[in-house]
There are 2 protein chains.
Amino acid sequence: METPNHCQFCAQHPDSAFHGMSREGLEEISQLKTCVSFRKGQVIMHEGARPQGVYCVHKGKIKLYTLGTEGKEQIIRFVTRGDLIGYRSILSDEPISASATALEDTFACYIPKSSFFKVIEDNPKFSLNLLKLSCHELGEAGKMITSLAQKNVKERLAEILLILNTTFGEDEEGYIDINLTREEIANMVGTATESVIRLISELRKEGYIRSKGKRIAVEDRSALRAMASVFE
Amino acid sequence: METPNHCQFCAQHPDSAFHGMSREGLEEISQLKTCVSFRKGQVIMHEGARPQGVYCVHKGKIKLYTLGTEGKEQIIRFVTRGDLIGYRSILSDEPISASATALEDTFACYIPKSSFFKVIEDNPKFSLNLLKLSCHELGEAGKMITSLAQKNVKERLAEILLILNTTFGEDEEGYIDINLTREEIANMVGTATESVIRLISELRKEGYIRSKGKRIAVEDRSALRAMASVFE
DNA sequence: GGATGACTATGACATTTATCATATCTTTGA
DNA sequence: TCAAAGATATGATAAATGTCATAGTCATCC
């Protein structure tokens, strides 16, 4: 079994950008990278900056968010093990469009920009994987745009809870395995914190979910999907 | 000068997916494609379908839209000359996430799926260009998500008008060079048609825009940007 | 373990936006 | 050119959601 710090570890995941890469290609990346870690709450990348490299997350959870005009966060997406941060900015030669903050202690591999370009050139399979991932994400973003434009707040909250449940899975007690404040959930739904608090209470009373402290568990998944008009 | 139906014609555009491709690569695509046309209002691709090929738009304007739960359209984006439709679905191996309808008579080149994969394999420059375009679009999608989540309807309308002005340019009288109903604009802003009608009237009275029939012109661009909190 | 700060919960009220109805104007097609 | 259909405009009202205020609970740190 390879050491967990070797890129082959991540390449085993079928959705990984490294999937299907040659041994030589993975070896190349392993030589070029350095290992870094971030404490919970630490900002990894700032919106508007021009990153000098790419992070590949090895362990931990990260939120990608923008700041609106009032300084309010909008969480766009989460990044977990096997995901890359910063490559889009580098490839499109634009400032980075969302900040990244560690939600828990996080370990990542850092690949400098020039090395990243070299890997891209040497490994068409890698860039094709990135293209596939980007295409998938564009589809997801389109869905989110439609939800934000057309669904009411309750439906959107339900949808976000389902997404969180799918993204992070459940802990031993069945709760969504991520530690988020009501404010952070509101920053995904695009609504006021109080509205989220009220609607979580309502969804609980209606039997869709259960909660304990900050933690939330989806109780009736198919009912919640129907209520949120989420189709597969 | 090459005939306008040759792929080199589109490759001249610096933002084109074909930019920087070899003459041989462009020749390869030209051999594989067929020319097609669509009448105004014709549906080019249906949301949820699995396209058997990719369209490269040669002339015309297309809207990409999803249908929400009440059957209401949400316009995600426009596609104009030089843009590709359908490649994301093919590459991510997912059903297509948005329908495409021609806003005016449109001419395109059609590349069958298998040919498209061949071109991708043979031309890493092409797939890298697609990756760059996708990365750029993901940044744009993130901005739209933040606007929908945090801006009010008036700000969003202003922002949409600016985007339309930039995307389609102006005709000889200075009006945005695209023919959209108020309903279609509402379907981009994510609001009721009546709200758009009211706010267009308001923006006109406040001097930001002028309008004549369906047509709208941006009068004071920087003021509109400030009002919409749009920064570069 | 306790204090403090952060977070959650709830009520009251304000604001924004949607819906419904109706009249007028514009565009389209024969 | 004209009639019909579609789109735009406006008013009134309803509904959804935001804001403000306050109290209670939870998590963190010393």
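Excluded from the calculations below are hydrogen atoms, water molecules and symmetry mates; all remaining heavy atoms, backbone and side chain alike, are included. Letters A, B, ... are given to chains in the order of the sequence lines, protein chains preceding strands, and every chain is numbered from 1.
Using modelled atom types, no side-chain atom of B:E155 and backbone atom of B:V230 make a donor-acceptor pair closer than 3.5 Å. Without hydrogens or angle criteria, A:R182 side chain to A:K214 main chain gives a donor-acceptor distance under 3.5 Å. Within the 3.5 Å criterion, the main-chain N or O of A:V189 finds a donor-acceptor partner in the side chain of A:R156. In terms of modelled atom types and a separation under 3.5 Å, the side chain of A:D105 and the main chain of A:R39 share no donor-acceptor contact.
Between B:S201 and D:dT10, a side-chain N or O to OP1/OP2 separation shorter than 4.0 Å is present.
Counting to the nearest Å, the C1' atom of C:dT28 and the CD atom of B:E104 are 18 Å from each other. A:R182 places its CZ atom 10 Å from the C1' atom of C:dA9, with the value rounded to the nearest Å. Put simply, CD1 on B:I209 is 14 Å from C1' on D:dT8, counting in whole angstrom units. With rounding to whole Å, A:I197 atom CD1 is found 7 Å from C:dC7 atom C1'. Atom CD of A:E202 and atom C1' of C:dA9 are 14 Å apart (whole Å). In this structure, the CZ atom of A:R215 is 14 Å from the P atom of C:dT8, given to the nearest Å. Straight-line distance from the CD atom of A:E183 to the C1' atom of C:dA9: 15 Å, rounded to whole Å. The distance between atom NZ of B:K72 and atom C1' of C:dT19, rounded to the nearest whole Å, is 12 Å.
No more than 12 heavy atoms of other residues, nucleotides or ligands sit less than 6.0 Å from atom CD of A:E70.
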Its contact letters, B for base, S for sugar-phosphate only and - for none at protein heavy atoms under 4.0 Å, make nucleotides 13-30 of chain D read ----SSBBB---------
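Under the 6.0 Å distance and 45° angle rule, A:R210 counts as a cation-pi partner of A:Y175.
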